[in-house]
A.B. asks: 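Below: one structure in structure tokens.
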Protein chains: 2
Amino acid sequence: MASPHFDIVARLREIAENGQRSDQRVAAAVLEDADFATHASIERLAEKAGVSEPTITRFCRMLGFEGTRDFKVGLAQSLAIAGRFISVNPADASTGNGVPSIIASSAMNAIETVTGLINRADLDQAATIVAGAGMVRAYGSGGASSMAATELENRLFRLGLPAAAHIDGEMQQMTAATSNKDTVIVAYSLSGEVKPVIDAVTIAGRYGAKTIAFTAANSSLAAAAQLILPFHIEEGTNVYRPSPARYALLALTDMLAMSVAEKIGAPAVERMRRIKNLQGMQKSDAPNLPLGD
Amino acid sequence: MASPHFDIVARLREIAENGQRSDQRVAAAVLEDADFATHASIERLAEKAGVSEPTITRFCRMLGFEGTRDFKVGLAQSLAIAGRFISVNPADASTGNGVPSIIASSAMNAIETVTGLINRADLDQAATIVAGAGMVRAYGSGGASSMAATELENRLFRLGLPAAAHIDGEMQQMTAATSNKDTVIVAYSLSGEVKPVIDAVTIAGRYGAKTIAFTAANSSLAAAAQLILPFHIEEGTNVYRPSPARYALLALTDMLAMSVAEKIGAPAVERMRRIKNLQGMQKSDAPNLPLGD
DNA sequence: TCTTCAAATGTAATTTAATTTCATGCAAGC
DNA sequence: GCTTGCATGAAATTAAATTACATTTGAAGA
């Protein structure tokens, strides 16, 4: 088995709080010294956690790994990316000191997770559909989804594609009703259970639009849309902590937009050059700044 | 032993060309399917490479690892980000195939950079100022900055702080003119040279507002604001590629918001519980979803 | 061309690690 | 207070990796 498609660290934190007694111990032991966990034998790890060896194996299986070895590899991968930000004791996490690392690690993990999960073929197909669209409408409500929808509009219009983001339920449904077969809907939802978005996708589909959804597999939205780009981000329980899911959605949106840009090719480059040129005239020159401040 | 401090992949390529006969075979086998190499047993790997099992162990030792297990972990770490997409021909990297990894690695880089750069004391001071504000106004224009400004509003209002984002130059200047000493301005700009934002910050400062800026050090905006949280993200030259800076700004905003939440403490938790509760009543229940879809 | 010897590699035995099976004990429900 | 089912651990088993030792290979000098 390859790495499972979730944020291991977030999952471990979750289990350390709400899991079985032994699972809690194991999760805590792993979090306390993740590097040790990747290198130590099951025996020493069991000893450190104060549980038996089979418990470790079961723990790994529960997480979706094939076994202990597999878990270690998966953990090592997660650590390679964001590991240096894992704070040793949770006390750190509650003081200001740990804030940057918590943010960084959860964001990176979210991006990593979603990168592992994305199906390239589906992404490519979505990009083809979007690149050939007469009109693209991006739907999403709530913080993360609406940000992603807005961002998609932003990206696509720069590529010369007619695109609009609608983050209001009423507008989603009304615009959906104007769809035809040249319309492409891109819907965002973490839960996949936001009624206005589901309805809008259903309506648009009925009018012949192609519908793409970034959402949870097996959700109502997934059922309503034609092409699903599924993802799932484990949320922590720390209420202070912002949702890492927005990084995931942003990354997915970037991937789609970049794929679309590559499909469109040269004309897109020219358009971006024009926008950049325009900015150059207005602001002081800083040639290496991105499009849009 | 932890992972050795060199580029495993480069070393493998080297060995595949100039190593011992068996080492060449092993290196080639690993490069050909690195993912397999991290997961397979020494037996199957030996079989694939056409060598004996001890050769594999010796190979790993030669590379500086403790043994085969250790090597697998190290390899997994090296592969974590870009390596998963190691392919025999580099051409792949520029086609659609590499899109997810390009996005992921540049985003992570941006977040990591900004995490390393942030001054905790300044962040903390900014959080204190924001937490005690009578009104917070977030300014930013262009894609990344306006997203960050919007996001800050989003975050702060959930904490019960009066906050508004203004992404339009006119509005920035008009609202700035209504400032008083209880007003806090948070300005975003990648370049630090966006005139309306600079002007708005200057005006607000003149009326007694406290001004905070996330922007480039030594820029005009940095000169105009009172507290600077400087950052700089190197932009790539691939025009198709979206700016990773927005991940950096988002992360910075998250850090600020989380620090503010911790300063406010309990009341903030209660407010978030209420918002979550409200969502629970409207949507189908998914207890672990973030605030805002 | 033939030795000779050292380095490279393989075979089989051994050790170490991980997993399965089965037993025990604890807690929730009747 | 009994029963049932699940969590956990002990011991046995299996799988994996390593060591010790044997064989091969190939290069250098006779």
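Reminder, nothing fancy here: chain letters follow the sequence lines and each chain counts from 1.
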A.B. asks: Starting from C1' on dA17(C), measure out to NE2 on His39(A) and report it in whole angstrom.
C.D. replies: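 So the two atoms are 17 Å apart, to the nearest Å.
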A.B. asks: Are any of Ser22(B)'s side-chain N or O atoms less than 4.0 Å away from OP1 or OP2 of dA8(C)?
C.D. replies: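 Result: no.
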A.B. asks: Check the orientation of Tyr188(A) and Phe214(A). Use parallel for under 30°, tilted for 30 to 60°, and perpendicular for over 60°.
C.D. replies: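 If you compare the ring of Tyr188(A) with that of Phe214(A), the planes turn out parallel.
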A.B. asks: Can Arg58(A) and Asp23(A) be counted as an ion pair, charged N to O under 4.0 angstrom?
C.D. replies: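 Salt bridge flag = no for Asp23(A) with Arg58(A).
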A.B. asks: Rounded to the nearest Å, what distance is computed from the CD atom of residue Gln20(A) to the P atom of nucleotide dC6(D)?
C.D. replies: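 Answer to the nearest Å: 11 Å.
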A.B. asks: Any side-chain heavy atom of Leu250(A) sitting closer than 4.5 Å to one from Leu250(B)?
C.D. replies: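 Yes - at least one pair of side-chain heavy atoms lies under 4.5 Å apart.
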A.B. asks: Rounding to 10°, can you tell me the angle the first-five-pair axis of the helix from dT1(C)-dA30(D) to dC30(C)-dG1(D) makes with its last-five-pair axis?
C.D. replies: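 Computed angle between terminal axes is 20°.
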A.B. asks: For the pair made of CZ in Arg21(A) and P in dG25(C), what is the distance, rounded to whole Å?
C.D. replies: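 Those two atoms, CZ and P, are 14 Å apart.
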A.B. asks: Under 3.5 Å, is there a donor-acceptor pair between the side chain of Thr211(A) and the main chain of Gln226(A)?
C.D. replies: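 Yes; at least one donor-acceptor contact below 3.5 Å.
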A.B. asks: With a 3.5 Å cut-off and no angle check, do the side chains of Glu193(A) and Ser219(A) form a donor-acceptor pair?
C.D. replies: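 Per modelled atom types, Glu193(A) and Ser219(A) side chains form no pair under 3.5 Å.
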A.B. asks: For Lys48(B) and Val30(B), indicate whether the former's side chain and the latter's backbone hold a donor-acceptor pair under 3.5 Å.
C.D. replies: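 Between the backbone of Val30(B) and the side chain of Lys48(B) there is no qualifying donor-acceptor contact (under 3.5 Å).
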A.B. asks: In this structure, how many angstroms lie between the P atom of dT19(C) and the CZ atom of Phe59(A), rounded?
C.D. replies: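 Between P of dT19(C) and CZ of Phe59(A): 14 Å.
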A.B. asks: Any protein N or O atoms within reach of nucleotides 15-22 of chain D? Criterion: under 3.5 Å, listing atom names and distances.
C.D. replies:
residue	atom	partner	partner atom	Å
dA17(D)	OP1	Lys72(B)	NZ	3.1
dA17(D)	OP2	Ile42(B)	N	2.5
dT18(D)	OP1	Thr68(B)	N	3.3
dT18(D)	OP2	Thr57(B)	OG1	2.8
dT18(D)	OP2	Thr68(B)	N	3.4
dT18(D)	OP2	Thr68(B)	OG1	2.6
dT19(D)	OP2	Arg61(B)	NH1	2.8
dT19(D)	OP2	Arg61(B)	NH2	3.1

A.B. asks: Give a yes or no on whether a salt bridge exists between Glu17(B) and Arg13(B), defined as a side-chain N under 4.0 angstrom from a carboxylate O.
C.D. replies: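 No, Glu17(B) and Arg13(B) are not salt-bridged.
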A.B. asks: Mind telling me whether Tyr247(A) and Tyr247(B) have parallel, tilted or perpendicular rings, with 30° and 60° as the class edges?
C.D. replies: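 It falls in the parallel class, under 30°.
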